[in-house]
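Remarks on the structure that follows.
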There are 2 protein chains.
Amino acid sequence: MAKPSQPATLEDVAALAEVSAKTVSRVVNAEPTVSVKTRERVLRAIELLDYKPNLNARMLAGERSYLIGLFYDKPGDYLTNFHAGAADRCRESGYHLMLESWDRDSPQFTRQVSTLLRQMRLDGVILLPPLSDDVLIGNILRDASVPTVRIAPRDHIEDSPSIVIDDYLAARQLTAHLLSLGHRRIGFILGKPGHGATEERYRGFADEMRAQNTPIEASLVETGNFVFTDGVACAQRLLSVQSPPTAIFASNDDMAAAVISVAHKRGLELPTQLSVVGFDDAPVATMIWPLLTTVRQPVTTMARLAAELIIENSPRRLGWPSPLPHRTLDFELLVRDSTAAPT
Amino acid sequence: MAKPSQPATLEDVAALAEVSAKTVSRVVNAEPTVSVKTRERVLRAIELLDYKPNLNARMLAGERSYLIGLFYDKPGDYLTNFHAGAADRCRESGYHLMLESWDRDSPQFTRQVSTLLRQMRLDGVILLPPLSDDVLIGNILRDASVPTVRIAPRDHIEDSPSIVIDDYLAARQLTAHLLSLGHRRIGFILGKPGHGATEERYRGFADEMRAQNTPIEASLVETGNFVFTDGVACAQRLLSVQSPPTAIFASNDDMAAAVISVAHKRGLELPTQLSVVGFDDAPVATMIWPLLTTVRQPVTTMARLAAELIIENSPRRLGWPSPLPHRTLDFELLVRDSTAAPT
DNA sequence: TGCCAAAATGACAGCGCAGTCAATTGGAAT
DNA sequence: ATTCCAATTGACTGCGCTGTCATTTTGGCA
């Protein structure tokens, strides 16, 4: 592995292998029309010169960019995991990730996105919630015909693949767990209205309650917008009603942590006097006591899959395969220390 | 703002403005040698065609890439904030961030990094801890002469700028806070050995204790490696000694959360029976009860600054200005609910 | 052996821009 | 008006690669 001060180019390899630059290009791009003998000679030259194709040139000349956009707006802690998973998959195929942070509420949002898209070709874009449900950005991407994969969108959008877990089913199972422990008065803290997960998780809760003939009291349903501070307020209200719930289902772990912190402050004994479940297995879920019973999404796997969908469809620019890939991945129910039978 | 299906190029603008492509290039790059009249005409044409320079072409043709690498390996929660800050600053100057996740312990680490560097020109790289102290990656970047900014490195490395907060001073102040409350037996949980912050924070603690004639007991110093689970073990040991400490200084918030969770589990009354301080103002700091007394690093500001250093030095490829910029930013002492006078 | 289609290879242009250097212009000084 | 220099502008090239299409080679078959 020689290490020339000036990186080797296609021409250099071509000269060494005594073929044309175009043939080297063919080998690099794994085009089938190269004889075995030639291919091997070229590969040896590539090895020898430690040749790496220049991405910028490829982007400029070719129709691929080897770049995938990962767009987010105020994500939770999972961003790090998600990025790691997607980056990993990208590296395997010589792709790269361009992580872009947007502010959906900024007046410049639209302009910024379309500027980016026209500045560089992206082979695809992965949309993280809540961007997965954003019509504006969806349209921009469609108009620019950038293949888009949505993570956990509210609805299946019929022009782009999506990757989800079954929030509804997970919520049902979590509720069933609480019910099986003997809880009957269960409080529920909703996420942010309009967010896909908010509806599904509540629907799962409500259906399971109904299935087991347990009434849902209106006074025990609060809206916490997925954030800790709102969760605190919800918990306080929930625990102040005449006959407080024996268990609380928070739509995510941050809000569950809020419930637990309020309970601690009030001197409640956990989990005996109050059971709490969250959702997401966020870092905080295992950084408090009692450890949260929650649902884990396979974030890293989702990320890999999202990147993979784009990478695999990138060469042929024919659009997505049909039927459109909508993958539902398995979640994991994590029963930990925050749930117990009511006293 | 017309919206042609085919993005406008330099040529298009040149034609409309009735100048040469090169002149448009000059305007776009804010070169001084363009007459006011011409510049205005060109600017109008740019506006009209909504022209955006193609990044790939710029990278290929010019000596700049408008790309900054943000390299990390297992960062904490602050990554999201850091990325957002850096991305923000980048966008202001038409730059982009390439977030790269490495595994320092992987045998392919070196090869992967140098492959990336030869695949695309980066105008600079920002190294997040613990990569800031990594000699291997430092050398690769130096050999490739990629301007590098280190975040919170252990030592000032004299060939690249760094951005730090004064961990030592912050730790002293945090310790002084505990001391002023009346604590004398104070436990300490160290971070990961070798990590820059680990040493500085302990040094600050030790110096302040010494300055106030308070002995440090060897049995009250544990090593928690900055992670929650190790923090749990440390806390258990610390609270099991014959006469346990009345306060515990954890080198970061995750470990402080661990102390609090153990205390809850043991039924200790917080903060009266045990005061706890953390470091970083991580998300968990405000997602538990009692809210953590801690130190906030201006992560977003650090990120902006790091990006800015690279952006500003990018045009002239003369290397860093001298003296080398080593910025120490102000931290913020956040006294919240986890500290009180001992009973 | 010769013929032909298929397979393999190469020549060349051009992606969109910035660097180089030569050509032109403008204006101040004479 | 003339001269001269600095300010301004443009022509041209090449960055490293891929797409297109022409050319050469190969192998199967008559």
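Order of the sequence lines sets the chain letters (A, B, ...), proteins ahead of strands, with each chain counted from 1. FYI, side chains are in, hydrogens and waters are out, and symmetry mates aren't considered; it's all heavy atoms of this structure.
- For the pair Leu60(B) CG and dC15(C) P, the interatomic distance rounds to 13 Å; values are reported in whole Å.
- Looking at heavy-atom distances under 4.0 Å, Val28(A) makes no contact with the nucleic acid at all.
- Between Leu48(A) and the options Val13(A), Asp12(A), Leu16(A), a side chain to side chain contact (heavy atoms under 4.5 Å, CB included) holds for only Leu16(A).
- Along DNA chain D, the nucleotide closest to Lys37(A) and the one closest to Leu10(A) are compared, and the more 5′ of them pairs with Leu10(A).
- The distance from atom CZ of Arg41(A) to atom P of dA8(C) is 14 Å, rounded to the nearest whole Å.
- What separates CE of Met59(A) from P of dC15(D) is a distance of 18 Å, to the nearest Å.
- Between Asn29(A) atom CG and dG19(D) atom P there is a gap of 7 Å when expressed in whole angstrom units.
- In this structure a side-chain-to-backbone donor-acceptor pair under 3.5 Å is missing from Arg26(B) to Glu31(B).
- Proximity of Ser35(A) to the phosphate of dT9(C): a side-chain N or O atom is located under 4.0 Å from OP1 or OP2.
- What separates CG of Leu55(A) from P of dT18(D) is a distance of 10 Å, to the nearest Å.
- Taking atom CD of Glu31(B) as the reference point, atom P of dT8(D) lies 12 Å away to the nearest angstrom.
- At its two ends the helix from dT1(C)-dA30(D) to dT30(C)-dA1(D) runs along axes set 40° apart, each axis drawn from five pairs and the angle rounded to 10°.
- Side-chain nitrogen and oxygen atoms of Ser25(A) include none within less than 4.0 Å of the OP1 or OP2 phosphate oxygen of dC17(D).
- Ring planes of Phe109(B) and Trp102(B): perpendicular class, angle over 60° (limits at 30 and 60°).
- Regarding Arg39(B), its CZ atom lies at a distance of 9 Å from the P atom of dT8(D), rounded to whole Å.
- Summarising the geometry, the separation between CG on Asn56(B) and C1' on dT18(D) is reported as 14 Å, rounded to the nearest angstrom.
- Atom CG of residue Leu128(A) and atom CE of residue Met302(A) lie 9.0 Å apart, to the nearest 0.5 angstrom.
- For dC17(C), neither phosphate oxygen OP1 nor OP2 lies less than 4.0 angstrom from any side-chain nitrogen or oxygen of Arg58(B).
- Under the side chain to side chain contact (heavy atoms under 4.5 Å, CB included) test applied with Trp320(A), the options Asp159(A), Thr148(A), Ile310(A) reduce to a single match, Ile310(A).
- Within 4.0 Å (heavy atoms only), Thr33(B) reaches at least one base atom of the nucleic acid.
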Could you pull out the protein-nucleic contacts involving nucleotides 10-14 of chain D (nitrogen or oxygen on both sides, under 3.5 Å)?
{"from": "dG10(D)", "atom 1": "OP2", "to": "Ser20(B)", "atom 2": "N", "distance (Å)": "2.9"}
{"from": "dG10(D)", "atom 1": "OP2", "to": "Ser20(B)", "atom 2": "OG", "distance (Å)": "3.2"}
{"from": "dG10(D)", "atom 1": "OP2", "to": "Thr23(B)", "atom 2": "OG1", "distance (Å)": "2.6"}
{"from": "dG10(D)", "atom 1": "N7", "to": "Arg26(B)", "atom 2": "NH1", "distance (Å)": "3.2"}
{"from": "dG10(D)", "atom 1": "O6", "to": "Arg26(B)", "atom 2": "NH2", "distance (Å)": "2.4"}

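- A salt bridge does not link Glu47(A) with Arg44(A): none of the charged nitrogens is closer than 4.0 Å to a carboxylate oxygen.
- Counting only heavy atoms from C-beta outward, the side chains of Ser162(A) and Ile157(A) never approach each other to under 4.5 Å.
- Of the candidate nucleotides dT9(C), dT18(D), dC17(C), dC17(C) has the atom nearest to the side chain of Asn54(B).
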Could you walk me through whether Val34(A) and Val42(A) pass the side chain to side chain contact (heavy atoms under 4.5 Å, CB included) test, one step at a time?
CA-CA 10 Å; Val34(A) 182; Val42(A) 171; over 6 Å; no
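- Atom-to-atom distance recorded for Asp88(A):CG and Ser101(B):OG is 7.0 Å, nearest 0.5 angstrom.
- For Glu18(A), the CD atom counts as loosely surrounded, since its 6.0 Å shell holds 12 or fewer non-hydrogen atoms of other residues, nucleotides or ligands.
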